[in-house]
Protein chains: 2
Amino acid sequence: MTSSRDAASAAITATVTSSRALLGIVAQSMSGALEELSLVQFRLLVVLDSSGPQRMGDLATALGVHASTLSRTVDRLESGEWITREVSPESRREVIVAVSNKGHGMVAEVTRTRRRAIAAVLQGLDPADREAVRLGMTLFAEAAGEPSAPDMLTLGL
Amino acid sequence: MTSSRDAASAAITATVTSSRALLGIVAQSMSGALEELSLVQFRLLVVLDSSGPQRMGDLATALGVHASTLSRTVDRLESGEWITREVSPESRREVIVAVSNKGHGMVAEVTRTRRRAIAAVLQGLDPADREAVRLGMTLFAEAAGEPSAPDMLTLGL
DNA sequence: TACAACAGTTGCATAAATACAAATGTCTGG
DNA sequence: CCAGACATTTGTATTTATGCAACTGTTGTA
């Protein structure tokens, strides 16, 4: 007979294997961006793109880096016109950073590429299997919950 | 009615969401290693651990970096005793790099942590749902195939 | 209004990753 | 056996990321 432990283990192994494939897709989708930006810079762009305009200090906290480190990274991104940096209308000692159109376009491009790559994989399945993937992925995502921001930052995502 | 395009799109979205969760787990599993090693160094360790001992030149090619760059990175890993570096028994001009016990242990530890984290997530599902995840993940992994090495390297995996 | 708290930048300093060029040592074919 | 090819390392230089300390300017408050 097959024990429930074997069944659980099979699910784990399948998930690990699948995570490798998914990781490959994610990495590949980022390769274009990483020709123009460092991983750290791209990470900043993603955070800013998803959270909206931020004060320097808050952004430094969100990224877990020193304010001076952020200031330099923002220098570089600004000179590449990926982001904008403006004195806050609220307080002249605060500086608000926001993604530029160019910056948003890059993030969107990566997202689009990722989605397209996943779509291409699913294309290779018949509808019933595709539905099985949808179900499995949905169940897993629900059980896992949202990844924490600090976790994602480890890999610069 | 629900078109087949909607169904496909739902599968894509579910997979994208799931990939985020998986990425979080992967990143978290690496966080311990990244306190002691840089991403580049860890990447080298993983490649070496999975492909076995390599000549410097081949390793540089596999990692897509200049030989001199590799030489320096190997210096650092060697001084931390993560790897060994020995003159090849075949030819005295060749140098063979291999993971040390310590290095292998680190990679294994990350792998173990990852597996455990995934197991914990699956633990939260009842057997039927877990089986659905197993099936979905298996189908996806089969359809996606093995990720290419260069792709994985983008993220240092 | 003066002073303390705050936000950000700038002046160091360090470490890592990177590549190119040059040097060193080893092989190999003629 | 020796000249060129080959594998690796070393010298040099650049870029990025990083943090601490000091500085500048702004705000709030006693």
Side-chain angles (χ1 to χ4, degrees), chain A residues 30-31 33-48 53-98 150 153-157, chain B residues 30-31 33-48 53-98 150 153-157:
Chain A
M30 286 169 60
S31 65
L34 296 184
E35 275 169 31
E36 299 192 59
L37 297 167
S38 72
L39 196 55
V40 169
Q41 288 168 17
F42 182 67
R43 165 211 297 194
L44 192 159
L45 216 51
V46 169
V47 167
L48 209 51
Q54 301 264 324
R55 296 189 327 171
M56 291 291 289
D58 293 343
L59 193 49
T61 301
L63 294 168
V65 297
H66 196 273
S68 64
T69 299
L70 179 68
S71 195
R72 263 64 181 255
T73 301
V74 165
D75 286 348
R76 295 174 194 120
L77 284 169
E78 192 187 14
S79 81
E81 298 187 323
W82 301 102
I83 62 180
T84 60
R85 184 197 234 159
E86 282 174 5
V87 171
S88 166
E90 312 251 311
S91 160
R92 277 191 300 173
R93 69 179 159 182
E94 295 176 4
V95 172
I96 306 292
V97 202
L153 289 178
T154 305
L155 276 183
L157 304 164
Chain B
M30 287 169 61
S31 66
L34 296 183
E35 275 168 30
E36 300 192 58
L37 297 167
S38 72
L39 195 54
V40 169
Q41 288 168 18
F42 183 68
R43 165 209 298 192
L44 192 159
L45 215 51
V46 169
V47 167
L48 210 51
Q54 301 264 325
R55 297 187 330 170
M56 290 293 288
D58 293 343
L59 194 50
T61 302
L63 293 168
V65 298
H66 195 273
S68 64
T69 299
L70 179 68
S71 194
R72 262 64 183 256
T73 300
V74 166
D75 286 346
R76 294 176 195 117
L77 283 169
E78 192 188 14
S79 80
E81 299 186 321
W82 302 102
I83 63 179
T84 60
R85 183 199 233 158
E86 281 173 8
V87 170
S88 167
E90 313 251 311
S91 160
R92 275 191 300 171
R93 67 179 161 182
E94 295 175 4
V95 171
I96 305 292
V97 202
L153 289 178
T154 306
L155 276 183
L157 304 162

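Reckoned from all heavy atoms, side chains included, excluding hydrogens, waters and symmetry mates. From a predicted model like this one, the values you see are computed outputs, not experimental measurements. Each chain gets a letter, A, B and so on, in the order its sequence line appears, and its residues count up from 1.
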Atom pair distance, as rounded to whole Å: [atom1] in [X] and [atom2] in [N]:
X: B:R85; N: D:dT8; atom1: CZ; atom2: P; answer: 10 Å
X: B:L59; N: C:dA17; atom1: CG; atom2: P; answer: 14 Å
X: B:E78; N: C:dA16; atom1: CD; atom2: P; answer: 15 Å
X: A:M56; N: C:dT10; atom1: CE; atom2: C1'; answer: 12 Å
X: B:L63; N: C:dA19; atom1: CG; atom2: P; answer: 11 Å
X: A:D58; N: C:dC6; atom1: CG; atom2: P; answer: 14 Å
X: B:R55; N: C:dG25; atom1: CZ; atom2: P; answer: 20 Å
X: A:L39; N: C:dA17; atom1: CG; atom2: C1'; answer: 13 Å

Residue pair B:L63 / B:R43, side-chain heavy-atom distance below 4.5 Å: yes
Residues touching DNA chain D, which here means a heavy atom under 4.0 Å, drawn from residues 66-77 of chain B: B:A67, B:S68, B:S71, B:R72
Roughly how far, to the nearest 0.5 Å, is the [atom2] atom of [Y] from the [atom1] atom of [X]?
X: B:L70; Y: B:Q54; atom1: CG; atom2: CD; value: 10.0 Å
X: A:L44; Y: A:L59; atom1: CG; atom2: CG; value: 4.5 Å
X: B:T84; Y: B:I96; atom1: OG1; atom2: CD1; value: 9.5 Å
X: A:L39; Y: B:L39; atom1: CG; atom2: CG; value: 7.0 Å
X: A:M56; Y: A:S88; atom1: CE; atom2: OG; value: 13.0 Å

Any pair counted as salt bridge (Lys or Arg N to Asp or Glu O under 4.0 Å), so long as it reaches residues 56-72 of chain B, sequence neighbours left out: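 Output for this query lists B:R55-B:D58.
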Distance-minimising heavy-atom pair for B:R85 and B:S71: NH2-O, 3.1 Å
Side chain of B:V40 (C-beta onward), nearest among D:dT18, C:dA17, D:dT16: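 Taking heavy atoms from C-beta onward, the closest nucleotide is C:dA17.
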B:E78 atom CD, over 12 foreign heavy atoms within 6.0 Å: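 Atom CD in B:E78 is crowded, with more than 12 foreign heavy atoms closer than 6.0 Å.
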Collect all protein-nucleotide pairs involving nucleotides 26-30 of chain D in which both atoms are nitrogen or oxygen and the distance is under 3.5 Å.
| residue | atom | partner | partner atom | Å |
| --- | --- | --- | --- | --- |
| D:dT26 | O2 | A:R93 | NH1 | 3.0 |
| D:dT27 | OP1 | A:R92 | N | 2.7 |

